[in-house]
Engineer: 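The structure under discussion is supplied below as structure tokens; questions concerning it will follow.
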Amino acid sequence: MDSKDILVQLKNKINEIDTRFSQEKIGEVQAVYDGIASVIGLMDVANGEKVIIETKDKTNIIAMAMDLKEDETSIIIFGDYTKVQEGDIVKTTGEIFSTKIGKALLGRVLNGVGEEIDGKGEIESDYSSEVEKVAPGVISRKGVRSPLQTGIKAIDVLIPIGRGQRELIIGDRNTGKTTIAIDTIINQKGKNVFCIYCAIGQKNSKVSQLVSKLEEKGAMEYTIVVNAPASSPVTEQYMAPYTAASIGEYFRDNGMDALVIYDDLTKHAWAYRQLSLILKRPSGREAYPGDVFYLHSRLLERAAKLNDSLGGGSLSALPIIETQTGDISAYIPTNLISITDGQIYLESDLFYSGIRPAINVGASVSRVGSNAQEKVMKKVAGSLKLEIAQFRNLAAFSQFGSDLDENTKKILSRGDRLTKILTQKPYLPIPLELQVISVLAVTEGFTDHIDTNDIPTFEEKLHEVFENMHKEVLKEIREKKDLTEDIKTKLISIISEFSKNYV
């Protein structure tokens, strides 16, 4: 090979060299705490930006910038933070922390940051969304008018929920809060409502049972489960509800209806308090930081009914909060009550006396009210809520007196039957048309001669009569969603005949 050939080859090699340079913003871990690392050198990182930690064993761990200070940055770590050590390199990505979204997630179980944990393979979705987003403004919203049927008589009749509403479920431990949420999911089958169930700080065994129940009822076809159990890092428990909200927003922003359940925000507040104390943020009442109200308000404000120009989609929220011995005046419960559009208050005394769901009608309210109730239910329910509240008060006083007048006895008798007709077994939501029939049977006096304890059997057999022999009447109610004189006449005739012959 002569010198000319050598020279040509050298020139070619030189031309092949990539002379472009890449710039990376990197920092170094100074200290690691429980799920949080203190990093120096990340001077240009954004709040909420996704960063990558390169550990000594060449593992990449995802984290997010959370606390920006003049000389250091605190990042929250998702994954096994025990692998992160002092001196590890942290690189910025230039991306705000995001999660996968879209219909590809339906039927799947995800962790707190949206990664699949059900062993069914990687989720292939073309869409992703920032986990922290600004809620839609007032101009983007529309009044809540369409009902979100829960299939639970006591709620659909007395405390109606609308699509786009935020309704708090509040009560002590083991009073049936989660059951109400799961019943609501099961009842959305065939109603084109996509559901997201977000479990925060729950036992893995409990969530596994819930997923099995949803699969058994065919509800996982339209449901996504986000699970950040008690065994997961506190950082995932903090992030989980925001991940769930982003997943729900995909359906809302594309003209569909979605429901997201946060179970529960008490544990979410605990997780945030733990993070804040490690970050050395000033603590206030009950050791919570001053922005704990903002923690939940920015989450729940994302539930909305969008106006028609934006597709008319909706995202409804059912946050759950746990009280201690019925104290709804505690710090976190009062925060949530003021943020939401009403609350369903479950009472331990009612629960243990056999009234399920154990809803305290006097303390429960929906600020949307009958605006989100079908005409047929409005006409049947009427002043039912007031009647039950009066009955509960009267029943409390009547136990101190033995000599009651006839009017009081009548109110107590009717109240007993109303309470009994509104009780319901778990995981068996009831369609609107059958709810109407049940309520009408009591309010029109067709159960006055029936023993109170026999009311559930009477109701069950009455429903069977309609489902087997009068399907056309049920169809008429379902389609018209109004109690016309013709429909009411038919219903009363059928119920009256059944009541007379009931043994």
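Positions are given from 1 along the sequence.
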Engineer: Do the rings of Tyr250 and Tyr127 sit parallel, tilted or perpendicular, given the 30° and 60° boundaries?
Structural biologist: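 The arrangement is tilted - the two ring planes meet at 30° to 60°.
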
Engineer: Is any side-chain heavy atom of Gln188 closer than 4.5 Å to one of Leu148?
Structural biologist: yes

Engineer: Under 6.0 Å from the NZ atom of Lys425, do we count more than 12 heavy atoms belonging to anything else shown?
Structural biologist: no

Engineer: With a 4.0 Å cut-off, would you call Arg298 and Glu132 a salt bridge?
Structural biologist: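 Yes, charged N to carboxylate O under 4.0 Å.
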
Engineer: Check whether any side-chain heavy atom of Leu300 lies under 4.5 Å from a side-chain heavy atom of Pro319, and answer yes or no.
Structural biologist: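 In contact.
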
Engineer: Within a radius of less than 6.0 Å around NZ of Lys375, do more than 12 heavy atoms belonging to other residues, nucleotides or ligands occur?
Structural biologist: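 Atom NZ in Lys375 is not crowded, with 12 or fewer foreign heavy atoms closer than 6.0 Å.
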
Engineer: For Lys103, is the NZ atom crowded, meaning more than 12 foreign heavy atoms sit under 6.0 Å from it?
Structural biologist: no

Engineer: As a quick check of understanding, evaluate salt bridge (Lys or Arg N to Asp or Glu O under 4.0 Å) for Arg478 and Glu433, giving each step before the final call.
Structural biologist: CA-CA 6 Å; Arg478 195 162 50 243; Glu433 55 272 21; 2.7 Å; yes

Engineer: Is there a donor in the side chain of Ser366 and an acceptor in the side chain of Gln165, or the other way round, less than 3.5 Å apart?
Structural biologist: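 Present: a donor and an acceptor within the cut-off.
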
Engineer: Is there a side-chain contact between Ile77 and Thr235 in this structure, where contact means two heavy atoms from C-beta onward sitting under 4.5 Å apart?
Structural biologist: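 No; the side chains remain at least 4.5 Å from each other.
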
Engineer: Are any side-chain N or O atoms of Lys378 and backbone N or O atoms of Ser370, one a donor and one an acceptor, separated by less than 3.5 Å?
Structural biologist: yes

Engineer: Ignoring hydrogens and angles, state whether a donor on the side chain of Asp327 or Thr325 is under 3.5 Å from an acceptor on the partner side chain.
Structural biologist: no

Engineer: Without hydrogens or angle criteria, can the side chains of Asp156 and Thr150 be said to hold a donor-acceptor pair below 3.5 Å?
Structural biologist: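 There is such a pair (donor and acceptor under 3.5 Å, judged by atom type) between the side chains of Asp156 and Thr150.
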
Engineer: Could you tell me whether Lys83 atom NZ has more than 12 heavy atoms of other residues or ligands within 6.0 Å of it?
Structural biologist: no

Engineer: Would you say Tyr352 has more than 12 foreign heavy atoms packed within less than 6.0 Å of its OH?
Structural biologist: yes

Engineer: Kindly indicate whether the side chain of Leu346, heavy atoms from C-beta on, has any atom under 4.5 Å from the side chain of Phe351.
Structural biologist: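 Result no, sub-4.5 Å side-chain heavy-atom pair not found.
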
Engineer: Can you confirm whether Asp264 sits close enough to Lys267 that some side-chain heavy atom of one is under 4.5 Å from a side-chain heavy atom of the other?
Structural biologist: yes

Engineer: Taking the side chain as every heavy atom from C-beta outward, state whether Tyr238 and Leu295 have any pair of such atoms under 4.5 Å apart.
Structural biologist: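 A side-chain contact under 4.5 Å exists here.
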
Engineer: Among Asn254, Ile224, Ile247, Thr243, which residue satisfies the side chain to side chain contact (heavy atoms under 4.5 Å, CB included) criterion with Ile101?
Structural biologist: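 Of Asn254, Ile224, Ile247, Thr243, side chain to side chain contact (heavy atoms under 4.5 Å, CB included) with Ile101 is met by Ile247 alone.
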
Engineer: So with a 6.0 Å cut-off around CG of Asn192, is the heavy-atom count from everything else above 12?
Structural biologist: no

Engineer: Any non-hydrogen side-chain atom of Trp270 less than 4.5 Å from a side-chain atom of Gln237?
Structural biologist: no

Engineer: His296 and Tyr272: aromatic ring centres closer than 6.0 Å?
Structural biologist: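 Between Tyr272 and His296, which both carry aromatic rings, the centre distance is not below 6.0 Å.
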
Engineer: Do the side-chain N and O atoms of Arg302 and Ser246 include a donor-acceptor pair separated by under 3.5 angstrom?
Structural biologist: yes

Engineer: Give a yes or no on whether Arg285 atom CZ has more than 12 heavy-atom contacts from other residues, nucleotides or ligands under 6.0 Å away.
Structural biologist: yes

Engineer: Run the salt bridge (Lys or Arg N to Asp or Glu O under 4.0 Å) check on Glu286 and Arg273 step by step: do they pass?
Structural biologist: CA-CA 9 Å; Glu286 297 179 27; Arg273 176 170 59 185; 5.1 Å; no

Engineer: I need the single residue from Arg367, Lys305, Arg166 that forms a salt bridge (charged side-chain N to carboxylate O under 4.0 Å, His left out) with Asp341. Which is it?
Structural biologist: Arg166

